[in-house]
Amino acid sequence: MKRVLPSIVVLLLLSLSSIAQRGVNFISGGNLRTVFDLAKVQNKAVFLEAYAPTCHVCMAFKPTFENQQVGDIYNKNYISYKLDMTSPEAAGFLQKQNIWIPSTPTLLFFDKDVKLMHIAIMGENTNSPEALISSAMIAMNPQKRATAYKAIYQSGNRTTNFLIDYGYMARILKDTVMNITVLKTYAKSIPTSQYTSNVNFAVLQKAIMDDENPLFVYMINHLAEFNAKFDKNLVKQTAENIIMYSLYSSRGNKYSSAKIAQVKANLAKLGVTQKAIGVRIFREEATALFREGKSAEAIKILESIIDAKTDKASYTYLSNFVKSRTSDKAALAKATIWAAKGR
């Protein structure tokens, strides 16, 4: 029996991928474990199309995946599987792989041992057999695939297109340190006269996560230029997102009160109300003030968000928040009062 069982397993796995169709043969049964088991059996890499059932762009790619030339490349080199982004399977897998999917469809390429090789973000302008084939071929090239970007950067490549690609990929792979480093390098490599170009507005929208990046600093100080060229709501949303990415990152926990004041001023430039700013920033601002020994100022910040609608759970939260950040007696006395209101 020990000799027969492996053969039966192989036959079962092979049957899942043997459904004849035009173009790419996507496995129609099983799950990700099945896919990678089959990849080991056939000694192939794995291709996952991250898609959403309601994504019209994903639907538009269906005939492109059915192209015979596309199928020839993918079927020869990959075990292919459609990864439904609305499924728990996709959420768990991507969390484990530390991958953020910005849009669908996204092409994910792994080796048979579940090691990432390449990621390609697709869109309406890349819906062609040539684009799909190019992505598959790049994934097979150890010198060009996304996982080689760090080595390419360390080797001295500072071409603008590469820096944009690497900065965006670092964000997708949740490598904030490299995202910040690479995109600062990029911003410093181009003249400020190009900062309001279509390309750089796209970089601000899609890749930059740092409110100290020169591109963002220019943007927040020259909003009129951006508003004159792009949709004002989109400009506001883009700038606001970058500010909040920075604030809510691990860096935000270390901000000084002076840096927090700058963040508040930048949000005010975007038209965010003082009340809304206070609600968004009170934790980080109070944390900075407690750390700097300015407990009375920190308590004032916390008091400013309390109103008639503050419930028991919120009072309990504020009490615990203070206790976790200071040993100041006056502040702890206030925390005791809030704890009582939370009971």
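Note that the numbering runs from 1 along the sequence shown for the chain.
- Interatomic distance, L247 CG to E285 CD, rounded to the nearest 0.5 Å: 10.0 Å.
- When every heavy atom of T160 is checked against every heavy atom of S189, the shortest pair comes out as CG2-OG, 4.1 Å.
- Of the charged side-chain nitrogens involved, at least one lies within less than 4.0 Å of a carboxylate oxygen, so that E66 and K62 count as a salt-bridged pair.
- Between S257 atom OG and R291 atom CZ the span is 8.5 Å, to the nearest 0.5 Å.
- There is a side-chain donor-acceptor pair under 3.5 Å between R251 and S249.
- Side-chain atoms of Q68 and D72 form a donor-acceptor pair, as typed in the model, at a separation below 3.5 Å.
- Residues forming a ring-ring contact (aromatic ring centres under 6.0 Å, His included) with F226 (at least two apart in sequence, or on another chain): none.
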**Study point:** Audit row: S250, N253, side chain to side chain donor-acceptor pair (under 3.5 Å) steps and yes/no
**Key:** CA-CA 6 Å; S250 57; N253 293 326; over 6 Å; no
Check your understanding: When you look at E212 and K259, which way does the salt bridge (charged side-chain N to carboxylate O under 4.0 Å, His left out) test go after all the steps?
Key -> CA-CA 11 Å; E212 294 182 355; K259 173 64 177 178; 3.2 Å; yes
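- Put simply, the side chain of F93 reaches to within 4.5 Å of the side chain of L48, judged on heavy atoms.
- E225 and T196 form no side-chain donor-acceptor contact under 3.5 Å, judged by distance and modelled atom types alone.
- The aromatic rings of Y78 and Y74 are tilted relative to each other, their planes meeting at an angle between 30° and 60°.
- A donor atom on one side chain and an acceptor atom on the other are not found under 3.5 Å apart for T159 and N161.
- Side-chain contact check for T34 and N31: at least one donor-acceptor pair (N or O, by modelled atom type) lies under 3.5 Å.
- Side chain of N75 to main chain of N25: a donor-acceptor pair is present (N/O by atom type, distance under 3.5 Å, no hydrogens or angles).
- Taking the six-membered ring for Trp and thresholds of 30 and 60 degrees, F321 and F290 have ring planes inclined between 30 and 60 degrees apart.
- For the residue pair T326/D328, the side-chain donor-acceptor check at 3.5 Å is not satisfied.
- Legend: residues meeting side chain to side chain contact (heavy atoms under 4.5 Å, CB included) with S103, ordered by chain and number and at least two apart, are I121.
- For the pair N266/L270, no side-chain contact is recorded, criterion being any heavy-atom separation below 4.5 Å from C-beta on.
- The hydrophobic clustering, which links ILVMFWY residues whose side-chain heavy atoms are closer than 4.5 Å, places I152 and L163 together.
- By the side chain to side chain contact (heavy atoms under 4.5 Å, CB included) test, A276 is found to be paired with V272, T273, residues two or more places apart in sequence or in another chain being considered.
- Enclosure of atom NZ in K275 is not indicated, since only 12 or fewer non-hydrogen atoms of other residues, nucleotides or ligands lie within 6.0 angstrom.
- Of all the heavy atoms in T185 and T181, the pair that sits closest is OG1-O, 2.9 Å.
- Considering only residues two or more places apart in sequence or on other chains, D165 meets the side chain to side chain contact (heavy atoms under 4.5 Å, CB included) condition with Y149.
- Side-chain contact, N241 with T238: no donor N or O sits under 3.5 Å from an acceptor N or O.
- Between Y186 and N200, the side chains place a donor N or O and an acceptor N or O closer than 3.5 Å (distance only, hydrogens not considered).
- Contact record, A50 with M85: CB-SD, 3.8 Å, taken as the closest heavy-atom pair.
- Annotation: side chain of F36 is in contact with side chain of V46 (closest heavy-atom distance under 4.5 Å).
- Listed here is the closest heavy atom pair of R280 and L267: NH1-CD2, 4.1 Å.
- Residues F110 and F47 place their aromatic rings such that the two centres sit no closer than 6.0 Å.
- F216 and D211 make their closest contact through CD2-O, 3.1 Å (heavy atoms, listed as atom of the first residue, atom of the second, distance).
- Legend: residues meeting salt bridge (Lys or Arg N to Asp or Glu O under 4.0 Å) with R325, ordered by chain and number and at least two apart, are absent.
- For M59, there are no side chain to side chain contact (heavy atoms under 4.5 Å, CB included) partners at least two apart in sequence or on another chain.
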Review point. Should K150 and D175 be marked as a salt bridge (charged side-chain N to carboxylate O under 4.0 Å, His left out) after you check the CA-CA gap, both sets of side-chain angles, and the distance that decides it?
Key: CA-CA 11 Å; K150 187 171 185 177; D175 188 346; 5.2 Å; no
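- In the model, E49 has no side-chain atom that pairs as donor or acceptor with a side-chain atom of Y81 under 3.5 Å.
- For the residue pair K174/N179, the side-chain donor-acceptor check at 3.5 Å is not satisfied.
- Side-chain atoms of Y245 and R171 form a donor-acceptor pair, as typed in the model, at a separation below 3.5 Å.
- Between N77 and K44, the shortest heavy-atom distance links the atoms O-CB, 3.5 Å.
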